[in-house]
Amino acid sequence: MTTTANEITYRLEQKRKVQADFPGPKSVALTERRKAVVAGGVASSVPVYAADADGGIIQDVDGNSFIDLGAGIAVTSVGASDPAVVGAVKEAVEHFTHTCFMVTPYEGYIAVAEQLNRLTPGDHEKRTVLFNSGAEAVENAVKVARLATGRDAVVAFDHAYHGRTNLTMALTAKAMPYKTNFGPFAPEVYRMPMSYPFREENPEITGAEAAKRAITMIEKQIGGEQVAAIIIEPIQGEGGFIVPAKGFLPALAAWAKEKGIVFIADEVQSGFCRTGEWFAVNHEGVVPDIITMAKGIAGGMPLSAITGRADLLDAVHPGGLGGTYGGNPVACAAAVAAIGSMEEYDLNRRARHIEELVLGRLRRLQSEVGIIGDVRGRGAMLAIEFVKDGTKDPHADATKAIAAQCLKDGVIILTCGTYGNVIRLLPPLVIGDELLNDALDVLEAAIRAAA
Ligand SMILES: *Cc1c(COP(=O)(O)O)cnc(C)c1O
C-alpha cells in the first residue's frame, strides 16, 4: 500500500513515469510475436503490453507507468485490481469455474440479479438475465422486445454504437471500422435523427422538439404500432459522448409507452456510476422498460446483463434465453464485489467530483484555444470535440495528434466520434486527484501545442 486518496488504497505507486523511447524491448518483442499469430483486424491503441494495473496506473512489461484515462473502455471503474474484486474472484474460482447456469444453477447468478433489480431505475417488478458481452445483452433485449410485442421493427439513432455482432452492427451507425464490408445486416432496423446539441442546424431546438422530429419520422416511415423497440444510449459512447438535449429522452420514453413500444436504454458504457448516477437515465428520471449493462459491471470480468419489466422478460418461453457461459460464476462473484466497492467508495460522488475537476479546467481552456468546439459529458464520461479554428468543421487530425502526444507523455487517452474528432475521458473512478491533474496537465499541453 503506497498511497491513499479518499479512503481508496493503492498497490502500485500512483505516478506517471515513462521512458522517452518506449515501447521498450519486451513490448517490441511481443509486437513481433503478435504479428505472426494475431489477426490484423484486431487493433490496439497503444504499442505497449500490460503487466500490472491498479487505481489510475497501467504498468507495462518494460516498467513504464501510464496514467489510464480509458479504464479499458469504461470497464475498470473500481480499478483493474480492486482488492474486493480480486478476493471474490479467488474465492469463487477455488470452488468452481463453471457449471453452466442452464444446467446446474448457483447462487451468484441470483445475487447479481438481486443487485441489478435493486439498482436499476423504477420500483416495478423486474427480472434479469446475464450474458457475456454488451453486444449479447443488446441482442437479447431486442429478442425479448420482439417476442413480447409481436412486432419486428427496431429504432436506433444516428451516431449509435451497440456492438459488433450481426444485429448490433445493424443497430450501429458508423460504417468504418464497424460495418464496412461485413454485411448484409439484420433487417427491420430503422435509424432516426439524434439530439446532438453541438451539431444541430437550429441551435435553439429543444430536447422535446428533437424527440418530436424523430417521432414524426417513425410515424411516417414505420408506423408507431409496428415498432417493437426503441434502443438508445442515454449518453452516446463510441459516437462521440453525445449528451442529448434535456427533455429528449423523457419525450421519447413517454411516446414509446403510449404506443406499447419497448424502450431499451443501452447503458453498457454509461452505467455503474460512470456519469455520477447508477445509470445515465437517472439524470432525467427516465425509467426504461429494459436496460442493457456490461462494461462497468464486474470490475473487469466479462459479464453483461439485461434487466427489465417482469411482464416482458417472463413472456419468453423457458429455454428461450441463455447461453453456455452467461453469468459465469467467477464473473458473478466479481460483479457482487464490484458493486459493493462502488457503494463503499461512493463512486457516484467520486464521478461527480471528477466532472467538477475536469470540466472546470477544460472550459477554461476552451475559452483560450480555438480548436475546442465543445466540452461535454456527465460525471467521469467527459469529452472534448475538436474543430478547425473558428468553425464547426471536425478536426480529426488535431484529435489524433493530441491523443498521440498524450500517449508519448505517458497518458492513455481514447478518441471517438462519428467524425473521429472527439477525445473521451473515462478514467477509473478510483483515480486520485493528483494523478488526474497530472494527466490533465499533459492533455492541456498537447491541446495548446496542436492549437
Ligand atoms: C461497448 C458497447 C457495446 C458492446 O459491448 P461489447 O461488450 O463490446 O460487446 C454496446 N453498447 C454500448 C453503448 C457500448 O458502449
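Since we're looking at a predicted model, the values are computed, not measured. Remember, it's 1-based here, ligands and their atoms both numbered in the order they're listed. Here, residue 1 is the first one in the sequence, and each next residue gets the next number.
Atom 8 (O) of ligand 1 lies below 4.0 Å from none of the non-hydrogen atoms of the protein.
Here the two rings, on Y106 and F96, have centers that are under 6.0 Å apart.
Listed by atom number, the atoms of ligand 1 under 4.0 Å from Q269 heavy atoms are 15 (O). Within ligand 1, the atoms closer than 4.0 Å to a non-hydrogen atom of S133 are 7 (O), 9 (O), numbered from 1 in the order shown.
For the pair K257 and F263, the cation-pi test (distance below 6.0 Å, angle within 45°) is failed.
Between D266 and ligand 1, a contact under 3.5 Å exists for at least one N or O pair. Considering backbone and side-chain N/O of A135, one or more are found under 3.5 Å from N/O of ligand 1. Checked against a 3.5 angstrom limit, the closest N/O atoms of E233 and ligand 1 fall outside it. For K295, a nitrogen or oxygen atom sits less than 3.5 Å from a nitrogen or oxygen atom of ligand 1, counting backbone and side chain alike. Remark: ligand 1 and V138 share no N or O pair separated by less than 3.5 Å (distance only, no angle test).
Taking a cutoff of 4.0 Å between a charged side-chain nitrogen and a carboxylate oxygen, R424 and E238 qualify as a salt bridge. Of the charged side-chain nitrogens involved, none lies within less than 4.0 Å of a carboxylate oxygen, so that E201 and R199 do not count as a salt-bridged pair.
Nearest non-hydrogen protein atom to atom 5 (O) of ligand 1 is G134 CA, 3.2 Å.
Distances from ligand 1 to the non-hydrogen atoms of G237 include no value under 4.0 Å.
Applying the ring pair (Phe, Tyr, Trp, His ring centres under 6.0 Å) test to residues at least two apart or on different chains, the pairs with a partner in residues 268-307 are F272-F279.
Annotation for Y325: atom OH does not count as buried by contact number, only 12 or fewer foreign heavy atoms lying within 6.0 Å.
Residues satisfying the ring-ring contact (aromatic ring centres under 6.0 Å, His included) criterion with Y419, sequence neighbours excluded, are absent altogether.
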